[in-house]
**Student:** 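Take a look at the following structure, please.
Residue numbers begin at 1 in each chain, while the letters A, B, ... track the order of the sequences.
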Number of protein chains: 2
Amino acid sequence: MVSIKDVAAQAGVSVATVSRVLNSHPSVSPDARGRVLAAVDALGYRPNAVARSLRTDQTRTLGLVISDVLNPYFTELARFVEEEARAHGYSVIIGNADERPELQDHHVRTLLDRRIDGLLVSPADGGTPLMLDVARSGTPMVLVDRWIPGLDVPVVRADGRDAIRDLVAHLHGLGHRRLAIIAGPAATTTGNERVEAFREALSAHGLALPDAYIGQGDFQADSGRRATEGFLALPEPPEVVFAADNLMALGALDAIRARGLRVPRDIGLAAFDDIPWFVHTDPPVTAIAQPTGELGRAAVRALVDLIEGRSPRSVTLPARLVVRSSCGEHASNRRSNL
Amino acid sequence: MVSIKDVAAQAGVSVATVSRVLNSHPSVSPDARGRVLAAVDALGYRPNAVARSLRTDQTRTLGLVISDVLNPYFTELARFVEEEARAHGYSVIIGNADERPELQDHHVRTLLDRRIDGLLVSPADGGTPLMLDVARSGTPMVLVDRWIPGLDVPVVRADGRDAIRDLVAHLHGLGHRRLAIIAGPAATTTGNERVEAFREALSAHGLALPDAYIGQGDFQADSGRRATEGFLALPEPPEVVFAADNLMALGALDAIRARGLRVPRDIGLAAFDDIPWFVHTDPPVTAIAQPTGELGRAAVRALVDLIEGRSPRSVTLPARLVVRSSCGEHASNRRSNL
DNA sequence: CTGAAAGCGCTTACAG
DNA sequence: CTGAAAGCGCTTACAG
């Protein structure tokens, strides 16, 4: 590998001068600059980012630890995060926790060892000891989507409360009364909140949320499958199942189909997180859409603020209900919705 | 940040000794080891990976540049790559090219600047000058999914030829004769090959592939939409459209639905790449499945071989046809397929 | 405007 | 078994 020394030799200047032109420091003579640039070009020199990081104590890199790459919601989030980071001159390294706290911690540790400048995480649970340490250590950190109660760290997330209320109103209007939910892990805020918001919305309509109608999931497809099988085996199964994320909705569809039942004729289905495929599923799935792009961008902006010494505030954006036909339709609405 | 010096001071040994116990070098007295470990623990010391990399000239990091993170096929590939890399003691940094050669090059350059130990890429086109340079420079590199003609670099990919032949036989058996394809970019090998395999399979049945039945796509949804609109506007539209990846199939479904048409009644649809949602689309989509997990694992193994001085060979794995109902069904088959 | 020198945090021959 | 020292490739006061 050609190093700064080679460039200096070729240009007939010191490495200090080479470094200055590379970092566009003002005090370099046009002549020296020209010779350096020519040498860089001739040699195909590229500065060693590792050495530079060691010296400057900054890597211009952000770490992003997401709960599950296979979840299209997080994939999309990751894409926007990278895009915004790039616009600010940062690269991002993604770690996939697969919804497992130990794997999350493994990635956090690796990222810290690499001395990333800041950390973006959607915690896989309520806060491992490591996560608490990191927060206390002063490493710039921002939480996305999910947060850790009691941690004084900026949080960028969507609030699904209103959308869930709209969903329940929609279901109630359709005549459904037995409504069930497949929840995420109780240790995650999104796991809890969605259940609580659902429960409150139900009670506003005088409906209860019995324990049997709360399926315990982990945000992955298999758990949606199992929870749905549980519901279907009940003496009085729910009329509609609300899956707290899109993968559990996929699992629910699997289970319903395996039983030979049809949506929405035999049972309705709705999901948190909207994805392009929901338009083409059989039937199209009613879902709650998050402003994913905005979330990703806001999270990066908050983290960069933190890194550069400013004090960002938490950001909460509204989610919104997208009605399709998976919960049944009003007679008057038939054929009106694509 | 606590450094190796702090640990040495606390343990009452030299930094050399600390380094030795950290790297489990044999010649360290049990006593010294004990004191170092205690100091590491007390101080919460974590070695600085940046400094270590600079010194050892290895980062234990692999770069993975994929064509499009939003494509579930590549997301899955990335997940398996990370898993296998972790098993070999490597981290991976993912770069998303969004099917754009300049963005791909940006990531390759960044990755090289970070001195990753090896590069895994599914090229966004036929080979930018940078890619050719990298290959020639001797940087350990393995191509996945797509490759660059004329480049002497190991390639790990699936061969869809047989599966495409099976698909065409299936379509022919169903009575379809006017078969169209939405191709990927001509500059990609997967873009070309799938068209050529399709054309050959057609000719084996005495069918031609007219230019009007070749839609030019770019592996992303929008292009599938546009190509399908083109097909539907033809005086004699095709009976079946074969999309060369799952995102273009999504676009095709959008276009078909927007026209008020139904699959497979009005037009059939098949796709390269199988994804979980295809089971639940309306109708379930006949697709060609790649052995994604095996591809990801084999690619990492090949790259690690290269890095460690062994000489891996290219790997080609078969893809396979998964018949569902999006192309119509034999009368005898009705109701037999879930 | 320029260069010599120190130093970032490690690892690793070398000498003892 | 252990430590002093060199060096990886940079950047940046400091002096001129």
**Student:** Regarding B:Glu76 and B:Arg79, does a basic nitrogen lie under 4.0 Å from an acidic carboxylate oxygen?
**Tutor:** no
**Student:** So, for B:Ile4 and B:Ser19, which heavy atoms are closest and what is the spacing to 0.1 Å?
**Tutor:** CD1-N, 3.9 Å
**Student:** Does A:Asp305 pair with A:Arg301 as a salt bridge, N-O distance under 4.0 Å?
**Tutor:** no
**Student:** Could you please spell out the steps behind the side chain to side chain contact (heavy atoms under 4.5 Å, CB included) verdict for B:Trp147 and B:Val153?
**Tutor:** CA-CA 9 Å; B:Trp147 82 92; B:Val153 160; over 6 Å; no
**Student:** Dot-bracket, 5' to 3', for DNA chain C please: Watson-Crick or G-U pairs under 3.5 Å, [ ] where pairs cross earlier ones, | where the partner sits on another strand, dots elsewhere.
**Tutor:** |||.||||||||.|||
**Student:** Kindly indicate whether the side chain of B:Leu295, heavy atoms from C-beta on, has any atom under 4.5 Å from the side chain of B:Asp145.
**Tutor:** no
**Student:** Going 5' to 3' through nucleotides 8-16 of chain D, assign each nucleotide B (protein heavy atom under 4.0 Å from a base atom), S (under 4.0 Å only from sugar-phosphate atoms) or - (no protein heavy atom that close).
**Tutor:** BBBBBB---
**Student:** List the steps, then state whether side-chain hydrogen bond (donor to acceptor under 3.5 Å, both in side chains) holds for B:Glu84 with B:His88.
**Tutor:** CA-CA 7 Å; B:Glu84 182 75 12; B:His88 289 264; 3.0 Å; yes
**Student:** Should B:Leu247 and B:Tyr73 be marked as a side chain to side chain contact (heavy atoms under 4.5 Å, CB included) after you check the CA-CA gap, both sets of side-chain angles, and the distance that decides it?
**Tutor:** CA-CA 10 Å; B:Leu247 292 182; B:Tyr73 164 69; over 6 Å; no
**Student:** Indicate yes or no: at least one non-hydrogen side-chain atom of A:Val300 is less than 4.5 angstrom from one of A:Glu82.
**Tutor:** no
**Student:** OP1 or OP2 of C:dG3 versus the side-chain N and O atoms of A:Ser14: is any pair under 4.0 Å?
**Tutor:** yes
